[in-house]
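Presented below is the structure to which this report refers.
Proteins come first, then strands; the chains are lettered A, B, ... in the order of their sequence lines, and each starts at number 1. Being a predicted model, the structure only gives us computed values, none of them experimental.
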Protein chains: 2
Amino acid sequence: MKIAEVSERFGLSVDTLRYYERVGLIPPVHRNEGGIRDYDELDLMRVDFIKCMRGAGLPVEVLIDYMDLVQQGDITIEARKEILIEQRNLVAARLEEMQKTLERLNYKIEAYEKALLKKEQEIGQVEELMAGD
Amino acid sequence: MKIAEVSERFGLSVDTLRYYERVGLIPPVHRNEGGIRDYDELDLMRVDFIKCMRGAGLPVEVLIDYMDLVQQGDITIEARKEILIEQRNLVAARLEEMQKTLERLNYKIEAYEKALLKKEQEIGQVEELMAGD
DNA sequence: CCTTGACTTGGAGTCGACTCCAGGTGTTAC
DNA sequence: GTAACACCTGGAGTCGACTCCAAGTCAAGG
């Protein structure tokens with residue numbers, strides 16, 4: 001699969017995909033004779049993983065470290081687990097924070113809705129008054 | 001309340017507080033005779049709101065626009081509501097994404113735990129073998 | 001053969017959000 | 001009265017994460 005398709009499929013720019021490869025987030029993608037990237041299934045799984053983790057705010061650097069460990073094989077499982085646990089905790093914390101913020105936003109939106117309703121009523125009353133002229 | 005206390009209370013650096021004021025996220029804070037900031041209750045509420053919203057990823061620029069509208073009074077209620085609805089939807093979307101990522105992380109962590117258990121068992125077996133010598 | 005278009009590279013530029021700094025002032029403590 | 005300290009300002013610097021660019025290569029179509 002060539003880079004444009006991957007870009008399309010994951011909603012990441014071509015530049016971003018190349019950037020990820022450059023900084024070592026993804027090991028060098030296989031090339032065809034012409035030197036053009038040809039993503040295989042494994043590459044796609046990696047991109048998917050990265051995209052997902054970046055979407056939750058995991059820093060690129062942490063992901064680089066993690067992907068590095070993956071490359072080193074089974075001896076690094078413990079270390080990888082530690083990284084994921086740490087990041088999981090951070091994500092869980094952010095999640096909670098965002099839930100509270102979401103509630104707060106909803107509360108405020110409701111308050112604005114009530115305020116607008118009240119305003120409408122007042123206009124209604126004014127119109128009634130004016131209709132009485 | 002002086003800036004250091006506010007910084008302490010909200011876990012924002014003094015520089016960040018001043019930055020927020022500079023870019024118009026918070027209207028100019030009242031100063032005492034010496035020209036030193038003295039945050040009042042309203043200021044604190046604003047800082048709290050900003051901190052909460054920033055924590056959920058709302059861009060500073062959007063918050064500036066919003067706070068500007070607040071300053072302009074009741075005529076802007078509709079516009080403010082629209083902003084909040086848009087941001088609420090974005091937060092909700094991010095929240096969902098993060099929940100999926102959290103699940104994925106938990107799944108992976110479990111998988112690593114299983115892998116580690118299996119490894120331990122193998123080591124146990126090896127030790128049994130060695131004990132038989 | 002030449003153009004078009006999708007790809008390549010290394011390196012520079014941008015953007016959002018702070019964060020730091022030099023140099024200055026005002027209040028308190030000895 | 002002078003040292004220490006907490007504050008002030010405007011402006012520059014940093015950081016993470018892209019994003020853009022100029023210049024080059026290659027395959028396919030007219």
Side-chain angles (χ1 to χ4, degrees), chain A residues 1-40 43 46-47 49-68 83 87 90-91 94 97-98 101, chain B residues 1-40 43 46-47 49-67 87 90-91 94 97-98 101:
Chain A
M1 197 174 207
K2 58 194 167 136
I3 200 164
E5 289 175 77
V6 181
S7 161
E8 180 80 3
R9 148 130 41 138
F10 291 101
L12 296 170
S13 82
V14 168
D15 272 309
T16 300
L17 288 167
R18 290 202 273 244
Y19 162 73
Y20 283 168
E21 192 176 335
R22 222 182 346 176
V23 298
L25 244 180
I26 294 165
V29 172
H30 171 255
R31 312 300 183 92
N32 67 17
E33 320 71 47
I36 285 169
R37 286 177 185 79
D38 183 20
Y39 289 74
D40 64 21
D43 292 323
R46 289 197 261 242
V47 171
F49 177 71
I50 299 299
K51 153 125 198 182
C52 178
M53 296 302 140
R54 286 289 307 123
L58 275 69
V60 167
E61 215 191 314
V62 169
L63 291 171
I64 291 171
D65 290 350
Y66 177 80
M67 294 308 260
D68 247 39
I83 291 180
Q87 294 304 313
L90 291 172
V91 171
R94 248 175 285 154
E97 203 189 343
M98 288 181 71
T101 306
Chain B
M1 196 175 206
K2 59 190 164 134
I3 200 165
E5 289 175 77
V6 181
S7 161
E8 180 80 5
R9 150 133 39 141
F10 291 102
L12 294 171
S13 82
V14 169
D15 272 310
T16 300
L17 288 167
R18 290 201 274 244
Y19 161 73
Y20 283 169
E21 192 176 338
R22 222 181 346 172
V23 298
L25 243 180
I26 294 165
V29 173
H30 172 255
R31 313 298 183 94
N32 66 17
E33 320 71 46
I36 284 170
R37 286 178 185 78
D38 184 17
Y39 289 74
D40 65 21
D43 292 324
R46 290 198 261 244
V47 171
F49 177 70
I50 298 301
K51 152 124 198 183
C52 178
M53 295 303 141
R54 285 290 306 122
L58 275 69
V60 167
E61 215 193 315
V62 169
L63 292 171
I64 291 171
D65 290 352
Y66 177 80
M67 296 308 261
Q87 294 303 315
L90 289 173
V91 171
R94 245 175 287 155
E97 202 188 343
M98 287 180 71
T101 305

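- Note: CD1 (Ile3(B)) to P (dA6(D)) measures 14 Å, nearest angstrom.
- When the ring-ring contact (aromatic ring centres under 6.0 Å, His included) test is applied to Tyr39(A), no partner is found at least two apart in sequence or on another chain.
- In this structure, Arg94(B) has no side-chain hydrogen bond (donor to acceptor under 3.5 Å, both in side chains) partners at least two apart in sequence or on a different chain.
- The nearest whole Å value for the distance from the CG atom in Asp38(A) to the C1' atom in dT8(C) is 15 Å.
- The side-chain hydrogen bond (donor to acceptor under 3.5 Å, both in side chains) analysis of residues 49-63 of chain B, with sequence neighbours excluded, yields no pairs.
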Using atom types as modelled, flag every donor-acceptor pair under 3.5 Å from a side chain in residues 5-13 of chain A to any protein atom, sequence neighbours excluded.
| from | atom 1 | to | atom 2 | distance (Å) |
| --- | --- | --- | --- | --- |
| Ser7(A) | OG | Leu12(A) | O | 2.7 |
| Ser13(A) | OG | Asp15(A) | N | 3.3 |
| Ser13(A) | OG | Thr16(A) | N | 2.9 |
| Ser13(A) | OG | Thr16(A) | OG1 | 2.9 |

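- Here dC7(D) presents its C1' atom at 12 Å from OH of Tyr39(B), a figure rounded to the nearest Å.
- Interatomic distance, CD1 of Ile3(A) versus CZ of Arg18(A), reported as 5.0 Å (0.5 Å rounding).
- Contact annotation: Arg37(B) does not reach the phosphate of dC7(D) (side-chain N/O to OP1 or OP2, under 4.0 Å).
- Atom-to-atom, CG of Asn32(A) to C1' of dT25(D) comes out at 12 Å; the value is rounded to the nearest Å.
- Following rounding to the nearest Å, His30(B) (NE2) and dC7(D) (P) show an atom-to-atom distance of 17 Å.
- Every residue meeting the salt bridge (charged side-chain N to carboxylate O under 4.0 Å, His left out) condition with Arg31(A), not counting sequence neighbours, appears here in chain and number order: Glu21(A).
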**Fill in**
In 5'-to-3' order, the base (B), backbone-only (S) or no-contact (-) status of each nucleotide in nucleotides 13-30 of chain C, using a 4.0 angstrom heavy-atom cut-off, is ----BBBB----------

